[in-house]
> 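One structure, as structure tokens, below. Some questions next.
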Amino acid sequence: MKQTRVPILHGDKEIPLDNYYFFRSCIMSTLFPGVDCSLRFIFEKLGCSYTEDPKQTCCSGFNYHADIIPWETNVTIQARNFSLIENEEKNKNAICVCPTSYGNIKECQEHLDHYPEEKEKANKIIAKFGKEYKGEAKIYHATEVIYAHREKLKKLATYSLDGLKVATHHGCHYTKIFYSDVATGDWEYPIVLDKIVENFGGEGLDYNEKTLCCGMGFRHTLINRDYTRTVMLRKLKSMKATKPDLLLVQCPGCSLNLDYYQKPLTKLAGEEFNIPVLNYAQLTALVLGADPVKVVGIKTHNVDVMPFIEKVQKNKVKEVAQVG
Amino acid sequence: MGDKVGVFICHCGGNISKYINMEELTKYALTLENVPVAENYIFMCSEAGQDLIKDKIAEYNLDRVVVASCSPKFHEPTFRRTLQETGLNPYYLAMANIREHCSFPHSDEPDKALQKAKDLVRGAVARAKTLEPIEKKKQIMNKDVLVVGAGIAGIQASLDLADAGFKVYLVEKDASIGGNMPKVLKTFPTDDCAMCTVSPKMNEVAAHKNIEILSYAELRECNGSMGNFEVVVEKKARLVDERKCVGCGDCMAKCPSKTADDYNQIGQRKAIYIPFPNALPKVATIDTSVCLQITKGKCGVCKKICPADAVDYEQKSQMVKLNVGAIIVATGYKEYDPSIKGNYGYGRYPNIITQMQLARMMDPNGPTEGKIIRPSDNKEPKRIVMVQCMGSRDDKPTGRKYCSRVCCMIALKHANLLKRDCIKDSQIDICYMDIRAFGKGYEEYYQRVQDLGVRLTRGRPGEIIGTDDGSNNLIVRVEDTFTKEFKEIESEMVVLSCATDPSDGTKEVAKVLGIATDDGGFIKEFHPKLRPVDTSVEGIFVAGAAQGPKDIPDAVAQASGAAARTMALLSSDIAEISLDKALVNKEECKGCDICEKTCPFDAITMVDLPEGRKAVVSEALCHGCGMCAANCPTGAMQLRHYKDNQVLAEVGALIGSH
Amino acid sequence: MAEIKLLEEKVGSIRKKETMLESLKEILDDPRCPDGFLECMQCATCVASCPAARIYEFNPREMMRQLYEGNLEELLKGDRIWECGQCYTCMSRCPRGNNPGGVIMILRYLSCWRGHGLKKIPYATVLMWNLYTKGYSLSPDVFWDGFIDEFGETAVNMWKNMKEIRKELGYLPDDARMEPIPEESMKELRAILDETLYRKYWDNFEKNGVAMKDLLDHLGSFDYYKPAWKEEK
Ligand SMILES: Cc1cc2nc3c(=O)[nH]c(=O)nc-3n(C[C@H](O)[C@H](O)[C@H](O)COP(=O)(O)OP(=O)(O)OC[C@H]3O[C@@H](n4cnc5c(N)ncnc54)[C@H](O)[C@@H]3O)c2cc1C
Ligand code: SF4
Ligand code: SF4
């Protein structure tokens, strides 16, 4: 199997270059289906084999952090999902689109692997419908995978991000839970997304509140929005000071808040933010020439992304027929 | 094969006897085959205890001895000596560790502890029977000493030894001797001038007839053992003739090439440089990585300008071979690089500096001529925040687990100097977890600093970020844990009190010498309490911050300690080296190379002999670690005191029925 | 004399009777309890990094200390534990390998098991049901009108067209994906939910006198939801 090594804080980790199990996120598919479409588009362009398994259920990570799914249940759900991955013929590398999926299923896996008796307990339940978690599933985040493919992607790019300034926001559940595993190094100042931007010729911005959480807070985002607003205001103000053309995010939850809240926050902030928000997969697909509406799915965005896309489309590096 | 084994069981003053029934254990030992005598005693290591062993050896004509007591790390040498004094070979001793392996970990289960103690004694007896004599090799003791690293510790050790009449080779990696002490400007707790303290010592070293300084030089190789080390030192090429250069500095003024100043850690220096005005030897050195003549082949300004004709671009490095009897490692420390902790912003925000950088700014002879300025705009900061434990006491993979010991005092000293001398109207905040003012006069110093109005906030900051207004000011986020107030302290400059890391040179030297290091990479002392300046290799000692974070008083005291230990060793004319090392059985060796690759000390070479390719062990290099023996597929490689049959006898007895 | 006796009694009542570890056991026994929990040195890195600590009187450091002191019950009954944003910045910075956010998560579940916390998770009815019936935490149909309203006009208008937009991208209007999770897999998932603590967690609402209905009232705009769980069984 093809793979490459990507630096982490101490040493590096292996990232497979093919054979993916596309571990879908319910929030992503609900709010930003364009991210899924973009990722499929990228895989096809790269010629990677991947599985989209209807049998995979939600990882329930949102519910877990929103305090409504006991740990034991969470772990057992994952044992089932892992067994699906292990049963794949070749596409055994789970790649999560969502940082909370990544953090949550990795934590569940660690738990199952660390406590044999817990694994046994989970396996006993899923054995009732003929499933077993063996302990072989490998978990990655899609950002790392795109980063690992950066050279090829650069060659495939239709547009460049030349002259464009991008503020990035990394998902807390990607950078802070398994902090030693963060691709490209320092979890305290994560730059995987910035590297993706730079790879396409853009500039990643250093803004003061770069590592601040988006304010999602799970239960807060559902029933206690004042928290979310307060945190986000701090984040957006600091970001705005660096005048970004785009805000690049990693996580459906962050996208929801950072995109949906910009307009309603205008009054409170006393300034307009108007920073278009895209996800790493959407930006990559866009640069590769994907259709903004049919693939990237910008109609599901609150802040108009079109002005940014127009800027990108001015930077054509090669003539490629648009693939929809 | 021993057939009369005496078993001696120690109470360890209660540490063992409180949990394990001594009488039962003694009775059990007597039931073992070939054990004619078993005794227990309150302190076997005491003189009376040793006499008991000696008496019983004579009385029963014992030929092997088992001592069941504490870890062999503590008293194996003691009991070996006891055996030797009765005329027995010291290697006829086997130890059963019934303290660390029994009474300590199983203090809540006395029955099981007793059972385990019985098992261990049985194993040790079985092993004792198989033990073979090992002789010691005698050599003439070389009385010269190599001191590596010429910081305050290396300098002190060299002077002590040289004053006592020993010849000392003092090797320093950098262009000048002195180490870190000359950089720190003033020293707590007396605030006297560091340079004025260390400079006379540097001159004394240079003038001493018994000391030969090899500066701008590095240790490359070390062979041999205690009493007879053969070392190779590389004298790097300065591209300046040390004998001709008069240190006038004309070349520095004219040199067109600049690079980051690695001595001052702020500002820049020229490609040809003398690191500081009091440097010793006061000669120029060319940094070949930035010298235009070397990198581009054109310039030659310094050569033209030098009044003494000292510049020599063709100069080559030199390998110097030295023979010494003992080595002292005093290779010091370096400041932890805080840029790997992204949340503290070092390297991204210009106005965040380290304590060492601040110290260099305060120096009237330093890069800013004593002015405290913000790197972003050269303005004097009025509000300064210091952040303690930057990287210290931190479990994270980017942190250091240990306390760096000096940083609390450094921050207090700098706060004091800033308030009293540099910026009298400044507001200084120190964010700390605990102030560790442990030394003599330190707590009193702490109080004086509090009186100056320096504000101490008890809390470890979570992050430092810039302000959005373009002022290049900083915000330190911290909770005052006493008032539970979440504070954002806005400041014009932040100073990080960085952890102490072993210097790169310390890590390199540990590798060359094959001495053990601890988790942090510092040189490991043989025993933290009883042999604090000995390393894992006999004849090699350690002093100063190379052994662990340390202030100057401790570094100097330890240096004198290391010098005294060295003198004690060298006072004997004969060096005795025990041969409990690896041994090849040539007939069984198939020349597979595995041992050569596994040996961490490069003690094994493969030699083509008429009878085939065979492994050969160098007695001088072998540490007796046993890696080779464990990996040898044919069993040809054996460790003398741990031969397969000896280990198997012990294991067999351990797992066998009782 | 009487006064002295009173004082004596007071001293007696502040004297700690239980041993430290006993009252902590529930936390320490949880497999998710971080290694460094007992090593907390009250440095406050967590507080200084915590977005919630800036907003509320929320203080993860103090909570760690309260637990250490055995004041578990008090924390479980209070509001504080519900203020954490679950961002884990504290965990990623704690120099002692503790994980306040993770400990708080353990506390929240404990609080719910004891009934105190159930009022804090009114959305549970909707989301737990959604997972049970569809296999997702969130899907388009749970983004009820009331939820979207707060995001303002643009969002409300967009959501009016959301079904169409989804169809254009090949996605189902009410399900999260392009095709629903097959019924067989749903059966498997439900088996897991029924056999693990999920069901008990649910029953816990009733047991603690928190009727689902009350929760729904509390939710206000959640009213489109009909508690179908009961009906199904
Ligand atoms: C900002 C700051 C302020 C301080 N202020 C004070 C103070 O006021 N009072 C106080 O008591 N302490 C103070 N200290 C601590 C003090 O600096 C140390 O205790 C002291 O310098 C230790 O001396 P050393 O000789 O062990 O190590 P070093 O000073 O580090 O000397 C080691 C020497 O070995 C050389 N070397 C390294 N590797 C090799 C090699 N492989 N081969 C040859 N040579 C090598 C180095 O170049 C160096 O010259 C301060 C420290 C800092 C960072
Ligand atoms: S950061 Fe860790 S050690 Fe410090 S107060 Fe918080 S939990 Fe305790
Ligand atoms: S996880 Fe909770 S306690 Fe920790 S920093 Fe985030 S909001 Fe604060």
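Chain letters run A, B, ... following the sequence lines, proteins first, then strands; residues in each count from 1.
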> How about residues 113-125 of chain A versus chain C: which residues have heavy atoms under 4.5 Å apart?
A/Tyr115, A/Ile125

> So what's closer than 4.5 Å to chain C heavy atoms on A/Thr100: side chain, backbone, both or neither?
neither

> Looking only at non-hydrogen atoms, find the nearest pair between C/Arg166 and C/Ala176 and report the distance.
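Taking C/Arg166 first and C/Ala176 second, the nearest heavy atoms are NH2-O, 2.9 Å.
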
> For A/Asn74, which atoms come within 4.5 Å of any heavy atom of chain C: side chain, backbone, both, or neither?
neither

> Check for me whether the distance between the ring centres of A/Phe218 and A/His173 falls short of 6.0 Å.
yes

> Side chain, backbone, both or neither: which part of A/Tyr179 has a heavy atom under 4.5 Å from chain C?
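Side chain only.
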
> Does the pair A/Lys294/C/Glu168 count as a salt bridge with the N-to-O cut at 4.0 Å?
no

> Pick whichever of C/Trp159, C/Tyr109, C/Trp82 has the most heavy-atom pairs under 4.5 Å with chain A.
C/Tyr109

> Is it the backbone or the side chain of A/His220 that comes under 4.5 Å from a heavy atom of chain C, or both, or neither?
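Contact with chain C: side chain only.
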
> What part of C/Ile192 gets closer than 4.5 Å to chain A, counting heavy atoms only: side chain, backbone, both or neither?
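Interface part for C/Ile192: both.
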
> Enumerate, atom names and distances included, each donor-acceptor pair closer than 3.5 Å involving a side-chain atom of residues 95-104 of chain C, sequence neighbours excluded.
residue: C/Arg96; atom: NH1; partner: C/Glu39; partner atom: O; Å: 3.1
residue: C/Asn99; atom: OD1; partner: C/Gly101; partner atom: N; Å: 3.4
residue: C/Asn99; atom: OD1; partner: C/Gly102; partner atom: N; Å: 2.8

> Any idea which of C/Met186, C/Met178, C/Lys134 has the most non-hydrogen atom pairs under 4.5 angstrom with chain A?
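Option with the greatest count: C/Met178.
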
> Please confirm whether the backbone N or O of A/Pro54 pairs with a side-chain atom of C/Glu179, one donor and one acceptor, at under 3.5 Å?
no

> Which residues from residues 27-36 of chain C are near chain A, with near meaning under 4.5 Å between non-hydrogen atoms?
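If one takes a 4.5 Å heavy-atom cut-off, the residues of residues 27-36 of chain C near chain A are C/Pro31, C/Arg32.
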
> For residues A/His170 and A/Trp187, establish whether the separation of their ring centroids is below 6.0 Å.
no

> Using non-hydrogen atoms and a limit below 4.5 Å, what part of residues 257-267 of chain A faces chain C?
A/Tyr260, A/Tyr261, A/Lys263, A/Pro264

> Which atoms of A/Phe178 come close to chain C, meaning under 4.5 Å heavy atom to heavy atom: side chain ones, backbone ones, both, or neither?
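A/Phe178 has no heavy atom closer than 4.5 Å to chain C.
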
